[in-house]
There are 2 protein chains.
Amino acid sequence: MSAEHRNSPPETRDRILDAAERLFVEHGFEGTSMRMITGAANANLAAVNYHFGSKDALIQAVFRRRLTALNETRLAALDRLEAEAGEAPLKPSRIVEAFFGTALALAADTEHGGNLFMRLLSRTYNEPNAFVRQFLAEEYAEVMDRFLGALFRALPGVPRTEVMWRFHFMMGAMSFAIAGIESVHAMAGMPYETDDPAKLLPRLMSFLLGGLRAPLPDFGASDTD
Amino acid sequence: MSAEHRNSPPETRDRILDAAERLFVEHGFEGTSMRMITGAANANLAAVNYHFGSKDALIQAVFRRRLTALNETRLAALDRLEAEAGEAPLKPSRIVEAFFGTALALAADTEHGGNLFMRLLSRTYNEPNAFVRQFLAEEYAEVMDRFLGALFRALPGVPRTEVMWRFHFMMGAMSFAIAGIESVHAMAGMPYETDDPAKLLPRLMSFLLGGLRAPLPDFGASDTD
DNA sequence: GTCTATACAACGATAGAC
DNA sequence: GTCTATCGTTGTATAGAC
């Protein structure tokens with residue numbers, strides 16, 4: 001994919017990616033114009049189309065740059081857990097931490113802009129843009145497959161459907177944990193004592209594990225389909 | 001607010017609201033053009049600006065129409081719980097159900113388009129558009145205040161900060177429960193056994209209550225794991 | 001009052017000069 | 001590789017028909 005532009009001077013292309021990432025966080029995809037991006041990146045308007053082909057492809061590139069690394073870290077963490085455990089089943093808490101702890105670690109990285117990216121990613125799970133959704137689904141396929149499989153083995157007594165739903169719910173909680181701090185800040189009308197990112201992971205982990213280990217739902221008898 | 005247009009024939013204005021709601025769900029706010037809306041509503045392009053003033057104001061009107069009713073239902077449910085309990089503290093599960101059960105009930109209403117609206121609302125919590133965020137925060141202020149207060153009283157042993165965070169996480173789980181069914185469907189690469197909406201509420205409630213009642217996080221002194 | 005027709009600046013995208 | 005000029009479309013504003 002990047003082969004045709006591999007030997008282009010990194011300057012312009014990377015400046016565009018950095019500016020786009022920052023502006024997408026601030027104003028969303030459609031709220032960020034190509035002219036805003038190229039203006040902030042000190043590049044010409046047409047440079048975006050030259051380097052990426054379209055605005056959608058630029059969005060893809062912004063995600064790929066970070067998401068590939070994030071998911072490789074997640075898979076490596078899972079590999080390590082499975083290597084340590086040998087034949088024994090993994091503890092669900094370790095699996096959950098490998099997935100969500102990795103994400104929150106990146107969300108806490110203010111130095112290389114990981115926090116900006118994670119805010120962008122969190123809100124993009126619900127993105128209506130079909131192009132973006134499709135890309136995210138493909139980028140996540142392997143990771144979801146591995147982690148869901150690990151959870152299935154770690155929770156043999158829980159129906160797979162319930163595990164999948166709960167993983168889904170956990171993704172939602174993480175999404176809000178990362179992206180929605182200031183939104184609930186406003187909704188609650190009260191100040192949060194602290195936004196110390198070091199406290200966010202234990203807070204989220206307690207909640208996620210409580211939800212994952214909750215008693216199975218009772219669907220009642222009346223509605224049998 | 002609606003006084004100046006109160007006695008306008010409901011036809012055009014309501015057709016615009018219905019078309020806008022449907023198209024916003026499908027294509028997002030910025031992915032939906034005024035011309036798409038007025039085309040679907042069989043109205044003139046300028047009718048939107050006449051009835052609502054701007055696209056942002058139209059978005060606001062789409063939300064207000066549904067959200068006011070939803071939040072009044074939520075408050076009425078909480079009123080009823082508190083009246084029944086008298087001086088006794090409420091059960092956290094009842095409070096949670098009054099808030100999230102009401103939302104899921106609306107999300108299950110395919111007859112009057114409540115399901116479409118809830119998908120829209122769920123994704124809008126993370127909306128970058130400042131205009132929309134501000135409006136949502138105001139519209140939710142009273143409800144959040146009442147429900148958080150009820151939870152504080154129901155969980156006197158839990159620090160208020162933790163209650164607020166967990167309510168926040170619960171909102172995220174609900175958001176994904178409503179909006180993200182097809183997204184995880186794609187990510188997981190496996191079909192969900194059933195999307196029976198009647199099963200969604202018990203599923204979500206189990207998870208939420210498990211998370212809400214989870215042991216409090218241990219922030220530790222260092223990284224002791 | 002309710003709505004239509006139309007104009008306008010800014011948008012994403014592209015072709016072609018350099 | 002980069003830039004200018006330009007195309008069709010966007011949100012918005014307004015003048016005037018009924």
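Proteins come first, then strands; the chains are lettered A, B, ... in the order of their sequence lines, and each starts at number 1.
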Within the 4.0 Å heavy-atom criterion, would you say [X] contacts the bases, only the backbone, or no part of the nucleic acid?
{"X": "A/Ala47", "answer": "nothing"}
{"X": "A/Thr32", "answer": "sugar-phosphate"}
{"X": "A/Gly53", "answer": "sugar-phosphate"}

Which nucleotide in the list [options] gets nearest to the side chain of [X]?
{"X": "B/Met34", "options": "D/dA13, D/dT4, D/dT12", "answer": "D/dT12"}
{"X": "B/Ser54", "options": "D/dC3, D/dT12, C/dG12", "answer": "D/dT12"}
{"X": "A/Ser33", "options": "C/dC11, C/dT2, C/dA13", "answer": "C/dC11"}
{"X": "B/Ala46", "options": "D/dT14, D/dT4, C/dG1", "answer": "D/dT14"}
{"X": "B/Lys55", "options": "D/dT2, C/dT2, D/dT12", "answer": "D/dT12"}
{"X": "A/Arg35", "options": "C/dT6, D/dC3, C/dG12", "answer": "C/dG12"}

message = salt bridge (charged side-chain N to carboxylate O under 4.0 Å, His left out) for B/Glu82 and B/Arg94? Distances and angles first, verdict last.
response = CA-CA 10 Å; B/Glu82 289 179 338; B/Arg94 307 301 301 272; over 6 Å; no
Salt-bridge present (B/Arg65, B/Glu21; N to O < 4.0 Å) = yes
[X] has an atom [atom1]; how far is it from atom [atom2] of [N], in whole Å?
{"X": "B/Phe24", "N": "D/dG11", "atom1": "CZ", "atom2": "C1'", "value": "12 Å"}
{"X": "B/Phe52", "N": "D/dG11", "atom1": "CZ", "atom2": "P", "value": "15 Å"}
{"X": "A/Asn49", "N": "D/dT4", "atom1": "CG", "atom2": "P", "value": "16 Å"}
{"X": "B/His51", "N": "D/dA13", "atom1": "NE2", "atom2": "P", "value": "16 Å"}
{"X": "B/Arg15", "N": "C/dT2", "atom1": "CZ", "atom2": "P", "value": "14 Å"}
{"X": "B/Tyr50", "N": "C/dT4", "atom1": "OH", "atom2": "P", "value": "12 Å"}

query = Any side-chain donor-acceptor pair under 3.5 Å between B/Arg74 and B/Tyr140?
reply = yes
